[in-house]
2 protein chains.
Amino acid sequence: MNSFEEVNYFVQNGHQDYLPHISIDCVIFGYQQQQLKILLLKWKGLNGWGLPGGFIKRREPLSEAAYRILQEKTSLNDLFLQQFHVFGDSPYRVGERSTREFTEKFGLEVQADNWLFERTLSIGYFALMDHVKVNVQTDFFTDDYQWWDASDVPQLLFDQNEVVEKALLTLRLQIYHQPIGYNLLPEKFTLPEIHTLYETILGKELDQRNFSKKLMALGLIQKLNEQRSIGAHRSPFLYQFEKEKYEQALKEGIVHTY
Amino acid sequence: MNSFEEVNYFVQNGHQDYLPHISIDCVIFGYQQQQLKILLLKWKGLNGWGLPGGFIKRREPLSEAAYRILQEKTSLNDLFLQQFHVFGDSPYRVGERSTREFTEKFGLEVQADNWLFERTLSIGYFALMDHVKVNVQTDFFTDDYQWWDASDVPQLLFDQNEVVEKALLTLRLQIYHQPIGYNLLPEKFTLPEIHTLYETILGKELDQRNFSKKLMALGLIQKLNEQRSIGAHRSPFLYQFEKEKYEQALKEGIVHTY
DNA sequence: CAGGTATTCTGTAAATTTTACGGATTAAAG
DNA sequence: CTTTAATCCGTAAAATTTACAGAATACCTG
């Protein structure tokens, strides 16, 4: 949705195609330079950062909507995506953007009763993805994107900081019950890489020997007969996830401590 | 909401006061005769059972809406209540009730475009309560209620069986991270009682000695200097929760296995 | 009132899991 | 060849979890 006509139609008549009062916000986690990152979009004119998001089509299953929105923003579809919370405790969530400001910034005439300015609950989803595979798409309302350090997210629009906080908490809790990494790491990775990933997500040190022992004992990863060259040091072996075991662990859950 | 006038106003004009397209469904767990129970309401005329639920007022924070709805149905307000999932994968969730049938059963004239018959997502909450404290209120649409065995819930309206399933799963997962029992047991309870409660929720046997050892070690419960008389057998001692420890565990979480 | 019955209650040893910890190996650079 | 910085590997101690049985109690019955 990029042309003025498309956008104008969406603003004026979107409520015919989309459910009003409900939006989807996506917290997209990536992993880069040993840092957990979150993808944010910059609102044109507003000079503020926000989460990628969108609305649900009237005849579209909720989960499909989330996938579609994510696909639109990242051009990715093979990913881990999970609903985690509904936010709607501040009844005037959207009130901050005044209609006048909206008109000035975007050149779109909107009335005070425009559907986009009504109260909107937001369903939070979080996604994990290998950031190098992501091809971020901005749209009419946004003109920039950036991967922000998860522990250093700027002030966001509306109550989205709360959304990010909750996503992080959920991710950290989840890591104790489900394997995580398949969508955040390249297909082949080294022990130090996955080790650092877990340390990063959990925000604490994990004994490297015990960690890999555990991972191997669970049968989640498999050692390959290849090594990566990392310059002036011993070459680490490459590993890959055991797809079947991984899927099984996703479904059935695991109990561990790392 | 019980009089015909009130209800008619709600049906015809409710969208002015409530957010359309979004409802709240409550899975209310109780504990009775060593069984985990779920509170269901019987729809008048429809001869079908469903979850207590309601809509969110336009200016009402989401969490307040959930509490209000629960309060309306059970007359209780001191309880454990938690959002757990949004359901909306079948776009025609409400389509099953035809407007004609609705008119016949309830004597309310509704047009096909009535707000209640539009697609509605449902936010699932689950609550835990001591069933003896509950004073169930039926309303215009429902004329009966019953506590059903959690493992033996009848076919419900719409996709509510899925909602119940997910609530149970969430409860079972949660019990590993949070103390549960405060809202399901009377203030003073015996070891065998709480033991059976946990066995019931988890659906498996727990060694009684190890279980109480663990509970005591966590400092969650406190032995009282009173006993309950249970007839022809040894009188069990009464216990109560350590409120502070319990609250703390609720916030910070616990890691255990029981 | 003595014996029977059904329930509560308590401790310890074995098995398992988690934790702690250091030194040998390797790849390239100097 | 030496140095440097990183990977890799195993074992012993500590902590936790599991398994398990018998004594005590309260009322009922004969």
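Bear in mind the structure is a predicted one, so any value in this text is a computation, not a measurement. Chain letters run A, B, ... following the sequence lines, proteins first, then strands; residues in each count from 1.
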> Could you give the CZ-to-C1' distance, from Arg234(A) to dT4(D), as a whole number of Å?
Replying inline: 15 Å

>> Side chain of Pro192(B), heavy atoms from C-beta onward: which of dA27(C), dG11(C), dC9(C) has the nearest atom to it?
In response: dC9(C)

>> Just N and O in the side chain of Lys213(B): are any of them under 4.0 Å from OP1 or OP2 of dT12(C)?
In response: no

>> How long is the straight-line distance from CZ of Phe126(A) back to CD1 of Ile28(A), given to the nearest 0.5 Å?
In response: 12.5 Å

> Under the 3.5 Å rule, do the base of dA6(C) and the side chain of His233(B) count as making a donor-acceptor pair?
Replying inline: yes

> Of Ile230(B) and Gln208(A), whose closest DNA chain D nucleotide lies nearer the 5' terminus?
Replying inline: Gln208(A)

> Rounded to whole angstroms, how far apart are CD1 on Ile194(A) and C1' on dC8(D)?
Replying inline: 16 Å

> Could you state the CG-P distance from Asp207(A) to dC21(C), rounded to the nearest angstrom?
Replying inline: 9 Å

>> Output the rounded distance in Å from CG (Leu224(A)) to P (dC8(D)).
In response: 12 Å

> Whole-Å distance between dT10(C) P and His195(B) NE2?
Replying inline: 15 Å

>> With a cut-off of less than 4.0 Å, is there a side-chain N or O of Gln227(B) near OP1 or OP2 of dT8(C)?
In response: no

>> Rounding to an integer number of Å, can you tell me how far Lys223(A) NZ sits from dC9(D) C1'?
In response: 9 Å

> Atom NZ of Lys214(B) to atom P of dG11(C): distance rounded to whole Å?
Replying inline: 19 Å

>> Please determine whether a side-chain nitrogen of the Lys or Arg among Lys188(B) and Glu193(B) lies less than 4.0 Å from a carboxylate oxygen of the Asp or Glu.
In response: no

> What is the minimum heavy-atom distance between Thr200(B) and Arg172(B), and which atoms define it?
Replying inline: O-NH2, 4.5 Å

> Stepwise, does the ring-ring contact (aromatic ring centres under 6.0 Å, His included) test hold for His177(B) with His177(A)?
Replying inline: CA-CA 11 Å; His177(B) 292 285; His177(A) 292 285; 4.7 Å; yes

> Going by atom types alone, do Asp89(B) and Ser63(A) pair a side-chain donor with an acceptor below 3.5 Å?
Replying inline: yes

>> Please classify the nucleic acid contact of Glu193(A) as base, sugar-phosphate, or nothing, using heavy-atom distances under 4.0 Å.
In response: nothing

> Between Arg209(B) (CZ) and dA19(D) (P), how many Å, whole number?
Replying inline: 12 Å

> So which nucleotide from dC9(C), dG11(C), dC28(D) ends up closest to the side chain of Leu191(B)?
Replying inline: dC9(C)

>> Assuming nearest nucleotide by heavy-atom distance, tell me which of Gly231(A) and Asn210(A) is located more 5' along DNA chain C.
In response: Asn210(A)

>> Base, sugar-phosphate or nothing for Ser229(B)? Non-hydrogen atoms, less than 4.0 Å.
In response: sugar-phosphate

